[in-house]
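Here's the structure, in structure tokens; my notes come after.
Just so you know, residue 1 is the first one in the sequence shown, and it goes up from there. Note that this is a predicted model, so its numbers are computed, not measured. Each ligand, and each atom within it, is numbered from 1 in the order the structure gives.
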Amino acid sequence: MNTALQVQNLTVRYGGFTALDHINLSLQEHTTLGLVGESGSGKSTLARVIAGLIAPDEGQILLGAQQLVKKRSREQHKKIQMIFQNPDASLNPKHSIRQILSEALLFHNIVNRSEVEKRCKELLDRVHLEAKALDKYPHEFSGGQRQRIAIARALSVEPSLLIADEPTSALDVSVQLSVLELFNTLKAELNLTMLFISHDLGVIHAISDTVAVMRQGKLVESSPKDQFFTRPEAAYSRELLSAVPKMPITRSAGGFYEPRT
Ligand SMILES: Nc1ncnc2c1ncn2[C@@H]1O[C@H](COP(=O)(O)OP(=O)(O)O)[C@@H](O)[C@H]1O
Ligand SMILES: [Mg+2]
């Protein structure tokens, strides 16, 4: 298995405050790393620095064998796509779904102009939306549907790394599970490499191959999923796990996670 992403000694400070403190992390191709930690632990900062939205104060990021520098090329930007908690962050409300999807396809030369319409329909089909959605605008969809459109947009440019930052946290409880199941389906169908962030251990259990835990800007554990949920290394991980009641998770991930007593 090849390493898709390596983060070495990564440090980010906001003024005098250290939000990321010398983080080391690696992610294998075609696997999903679930990043968990309480609010304010630095998860979104890590996502943003990997995606190139902010620059690190120290350390480096390697995508495959390539080091990502501060000023990234268009090709490098294309390779890492991000899905945010709020889908509206990546959907221009004045653009139709056709415009939203075709813009990214054309900007990055993914397909010829003559093939754009067909590809847009395929993308919608992937996220279980009908082709007639193309003529509509973001406000005509529910929150869950808008998140599906944001997922389609992120996938449109065929990224080598998808970062999803709490992608289900802002959705109605009733649709959270269906969006999570969509991620699991896409993961299998498209062999995705994903950094999936959540503060919810049930979600992390459902989606991850490896689990990493952050606390106050530091990475306190990175373990294979089964090991994390049965024999966590860090005392803080045990604390997190013991605080959670029995959690319903997706069927595809195998039923319920029940903490040990
Ligand atoms: N732009 C910013 N300026 C100053 N402090 C920030 C900024 N963004 C985040 N922080 C702080 O950095 C810490 C980590 O934030 P964040 O990465 O958003 O954590 P998480 O996603 O785990 O909730 C928090 O204490 C937050 O208040
Ligand atoms: Mg966050």
Side-chain angles (χ1 to χ4, degrees), residues 5-27 32-61 68 70-72 80-91 143-144 146-147 150-151 154 159 161-173 175-176 179-180 183 194-208 210-223 225 228 232-244 247:
L5 175 80
Q6 253 182 297
V7 160
Q8 297 169 340
N9 232 6
L10 207 63
T11 297
V12 170
R13 299 186 190 92
Y14 296 119
F17 175 74
T18 304
L20 288 187
D21 193 355
H22 299 93
I23 301 284
N24 291 292
L25 192 65
S26 65
L27 170 53
T32 294
L33 176 73
L35 182 65
V36 68
E38 63 193 8
S39 176
S41 56
K43 305 182 297 298
S44 294
T45 300
L46 182 59
R48 292 209 300 270
V49 73
I50 292 169
L53 302 175
I54 53 176
D57 292 286
E58 285 178 49
Q60 54 178 348
I61 302 164
L68 299 176
K70 202 168 170 180
K71 187 102 183 74
R72 297 190 186 176
I80 303 181
Q81 292 292 313
M82 196 151 159
I83 293 163
F84 299 91
Q85 179 170 342
N86 180 354
D88 301 339
S90 55
L91 304 178
R146 286 207 289 275
Q147 193 59 293
I151 294 167
L161 171 66
L162 189 66
I163 302 179
D165 189 359
E166 306 258 11
T168 61
S169 306
L171 303 176
D172 288 344
V173 174
V175 298
Q176 281 182 6
V179 173
L180 188 60
F183 271 105
M194 229 177 352
L195 173 60
F196 195 105
I197 299 173
S198 179
H199 64 275
D200 183 331
L201 281 167
V203 171
I204 291 291
H205 186 273
I207 195 85
S208 310
T210 309
V211 179
V213 183
M214 285 193 63
R215 184 192 198 188
Q216 296 174 353
K218 290 192 166 73
L219 198 83
V220 298
E221 171 151 7
S222 176
S223 300
K225 174 174 104 173
F228 172 79
E233 257 170 35
Y236 180 66
S237 303
R238 287 193 285 278
E239 219 177 281
L240 280 182
L241 285 164
S242 65
V244 187
M247 294 175 290

- Query: So, are R238 and E233 salt-bridged, with charged N and O less than 4.0 Å apart?
  - Reply: no

- Message: Within the structure provided, determine whether I163 and F196 are in side-chain contact (heavy-atom separation under 4.5 Å).
- Response: no

- Item | Protein contact of atom 1 (N) of ligand 1 - nearest heavy atom, named by residue and atom, plus distance | Y14 CE2, 3.8 Å

- ligand 1 contact by S39, heavy-atom criterion under 4.0 angstrom: yes

- Message: If the cut-off is 4.0 Å to any non-hydrogen atom of E38, which atoms of ligand 1 fall inside it?
- Response: 22 (O)

- With no hydrogens and no angle check, is any side-chain donor or acceptor of E221 less than 3.5 Å from a backbone partner on A234? yes

- Below 4.5 Å, heavy atoms only, C-beta onward: do F228 and S237 meet side chain to side chain? yes

- Query: In terms of residue, atom name and distance, what is the protein heavy atom nearest to atom 26 (C) of ligand 1?
  - Reply: F17 CE2, 4.8 Å

- Donor-acceptor pair, Q176 side chain versus L171 backbone, under 3.5 Å? yes

- Evaluate the 4.0 Å heavy atom contact test for atom 8 (N) of ligand 1: does a protein atom fall under the cut-off? yes

- Polar proximity ligand 1 side, G40 side, N/O cut 3.5 Å exclusive: yes

- Message: Are the side chains of Y236 and E38 in contact, using a 4.5 Å heavy-atom criterion?
- Response: yes

- Which bit of R48 is near ligand 1, meaning a heavy atom under 4.0 Å away: side chain, backbone, both or neither? side chain

- Query: Where is the nearest protein heavy atom to atom 18 (O) of ligand 1: which residue, which atom, and how far?
  - Reply: S44 CB, 3.7 Å

- Proximity to ligand 1 by part of H199, non-hydrogen separation under 4.0 Å: neither

- Give a yes or no on whether a salt bridge exists between D88 and R146, defined as a side-chain N under 4.0 angstrom from a carboxylate O. yes

- Give a yes/no answer: is there an N/O/S atom of S44 under 2.8 Å from the Mg ion (ligand 2)? yes

- Message: Hydrogens and angles aside, do T11 and D57 bring a side-chain donor and acceptor to less than 3.5 Å of each other?
- Response: no

- Query: Nearest to atom 16 (P) of ligand 1 by heavy atom, V12, D165, T45: which?
  - Reply: T45

- Decide whether an N or O pair under 3.5 Å exists between G42 and ligand 1. yes

